[in-house]
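Counting from 1, the numbers follow the sequence of the chain as shown. Every number for a ligand or one of its atoms is a count from 1 in the order of the listing.
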Amino acid sequence: MRVLEPTCVFSPASVTDILITLNKLEDTPCKFAVRSGGQGPFAGSSNIQDGVLIDLVSINEITFSADRNSLVLGSGQIWNVVYATLDKQDLVVIGTHTGDVSVSGSLLGGAMSSQSNLHGWGCDNVLSHEIVSLRGGGGNFGIVTRFTVKTYRQDLIWGGGIVFEMAQLATLIDGIVNFTNQGVLDPKAHMALAFVYYKGPYKDWKPFMEYVEPIINPPIFHNFTSLPSVTNTMKIDIFGNNSAASVANDVWGLQETFWTFTYRNDPVLPHLIWVQCQDGVNAFLTVHQVAGFTVACIFAPMSIPMIQQGLKNGGNAMGISAETPLMLFLFQLTWNDAADEEVVLNLAQSLIAQTNDTAHSMDINYPYIHLNHAATQQNPPWGYGEGNLEKLRVTSAKYDPKVSSEI
Ligand SMILES: Cc1cc2nc3c(=O)[nH]c(=O)nc-3n(C[C@H](O)[C@H](O)[C@H](O)COP(=O)(O)OP(=O)(O)OC[C@H]3O[C@@H](n4cnc5c(N)ncnc54)[C@H](O)[C@@H]3O)c2cc1C
């Protein structure tokens, strides 16, 4: 995205540092932004032009409770480091599937994990937040400095990715639809399916799969594992290695945008989405030449067990309570040159509008918009439901009155 240049970058080493900084900033017209892992996928998400960037990279503690049933995580810590630390103790916490995302940015937006069918979203497993409240800052509510999260026992897992030829397209789409419906049969299984374009036509399909026990090729994955593949990295491993590997395989440019919407799992819509995306990208490329252009269309299931886990601790703040399985559709584009931003964003916005309109016309759109993968033009809180929205407004008005209108 656009390259923003803050006037200064400050890395607090303690909560006291943050308090002092915010007190000083409140007395000035100086704007500021907060960054943890820096993976927020739009300009201004976690950076600022001509202001102060508060970088939480040094707030990175990992401290076990005496009984090891919970863990305190500094907000700037990265999941790869957390998982590697916990693997040594045969424990796990619920963060993001991919490991190079930070604790706080992801947990504040939900955090979908390969353990979510068993234990819910990352945010459902936060026991407490330590927050320095803002009065007039760039985000809502405040800066979270520490999260206390639940730990779970963790054995080895079976996981990795398989690459298929495009010829398997229809079978793979049908497979992810069935997998999503069957989540209730085996909540230890997790997967997402991506079709990926780079340097040429849509090239291949990549399901990322994980079974959170050391069982090779459990039946729920047979629709995929029985197909001929191009490459296959599925293996028994420690949990953290699989999260780290899912990042290592990515080939991405410098600029990035994410867009998303949610629909009720359906056998027809993903085929239509695929056609609309393929046609849209092909038409775009007849007009524009964009260096480093990549597209990933990702289907991420929200099976019934995951939705139910989210409800068990008194309800889900994100308003997800469907009786039927859901599917997150994620549209991710990357490119090299900031000068191409406008045309790429226009493409993304128009394809998301088109595919979402199709879901609406089939009456299977679901209002939830996953904050962690939403573009700045989307408004995730609208999908949380009026009750949850009102709670957020009240909290924002109390702790962050100058920007409460953002919700
Ligand atoms: C390669 C990749 C893989 C991903 N995989 C997953 C996945 O498996 N599951 C999933 O759920 N999501 C995933 N995501 C999405 C990711 O969770 C979001 O992009 C998330 O916002 C990134 O958090 P961050 O801290 O790294 O980014 P940042 O850009 O640092 O932060 C994101 C936002 O949160 C705010 N923020 C950060 N820290 C704080 C704080 N302590 N207090 C207040 N506000 C704060 C920032 O100001 C910014 O607005 C992935 C993203 C990428 C790029």
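Comparing heavy-atom distances from atom 30 (O) of ligand 1 across Ala374, Gly110, Ser36 singles out Ser36 as nearest. When Asn372, Asp100, Asp55 are ranked by how near their heavy atoms come to atom 15 (C) of ligand 1, first place goes to Asn372. For the residues Gln77, His373, Met112, Glu256, the heavy atom positioned nearest atom 12 (N) of ligand 1 is part of His373. Considering only non-hydrogen atoms, atom 34 (O) of ligand 1 lies nearest to Gly105 out of Gly105, Gly99, Gly109, Ala192.
Taking every heavy atom of both residues into account, Cys30 and Gly51 meet most closely at SG-CA, 4.4 Å.
For ligand 1, the atoms closer than 4.0 angstrom to any heavy atom of Gly142 are 42 (N), 43 (C). Distances below 4.0 Å separate heavy atoms of Ala111 from the following atoms of ligand 1: 11 (O). Close approach to Ser102 involves these atoms of ligand 1, each under 4.0 Å from a residue heavy atom: 24 (P), 25 (O), 26 (O). Within ligand 1, counting atoms from 1 as listed, the ones closer than 4.0 Å to a heavy atom of Thr98 are 3 (C), 4 (C), 5 (N), 6 (C), 7 (C), 8 (O). Numbered from 1 in the order shown, with element, the atoms of ligand 1 that lie under 4.0 Å from a heavy atom of Leu108 read 39 (C), 40 (C), 42 (N), 43 (C), 44 (N), 45 (C). Taking every heavy atom of Ser106 and a limit of under 4.0 angstrom, the matching atoms of ligand 1 come to 17 (O), 20 (C), 23 (O). Within ligand 1, counting atoms from 1 as listed, the ones closer than 4.0 Å to a heavy atom of Arg35 are 30 (O). Below 4.0 Å from some heavy atom of Gly38 lie the following atoms of ligand 1, by number and element: 24 (P), 26 (O), 27 (O), 28 (P), 29 (O), 30 (O).
Heavy-atom contacts from other residues, nucleotides or ligands closer than 6.0 Å to NZ of Lys24 number 12 or fewer.
In this view, Ser229 and Ile162, Phe164, Asn232 satisfy the side chain to side chain contact (heavy atoms under 4.5 Å, CB included) rule, not counting sequence neighbours. Checked against side chain to side chain contact (heavy atoms under 4.5 Å, CB included), His190 has the following partners two or more places apart in sequence or in another chain: His97, Ser114.
Counting heavy atoms from C-beta outward, His370 and Gln378 have side chains that stay 4.5 Å or more apart.
In summary, the aromatic rings of Phe261 and Tyr366 are positioned with their centroids too far apart to meet the 6.0 Å limit. Taking the six-membered ring for Trp and the full ring otherwise, the centers of Phe331 and Phe258 sit at least 6.0 Å from each other. You'll find the ring centres of Phe284 and Phe293 inside the 6.0 Å limit.
Taking any N or O of Ser104, backbone or side chain, at least one lies under 3.5 Å from an N or O belonging to ligand 1. For a threshold of 3.5 Å applied to N or O pairs, the pair formed by Gly37 and ligand 1 contains at least one separation below that value.
Heavy atoms of Leu56 found under 4.0 angstrom from ligand 1 belong exclusively to the side chain. Heavy atoms of Ser75 found under 4.0 angstrom from ligand 1 belong exclusively to the side chain.
Ring geometry for Tyr263 versus Phe299: interplanar angle over 60°, hence perpendicular rather than tilted (30 to 60°).
In summary, the side chains of Asn242 and Tyr83 do not present any donor paired with an acceptor at a separation below 3.5 Å, with no hydrogens or angles considered.
Partner Asn365 forms a side-chain hydrogen bond (donor to acceptor under 3.5 Å, both in side chains) with one of Asn356, Thr358, Asp357 and no other, that one being Asn356.
In this structure, His370 counts as a contact residue of ligand 1, since one of its heavy atoms falls inside 4.0 Å of the ligand.
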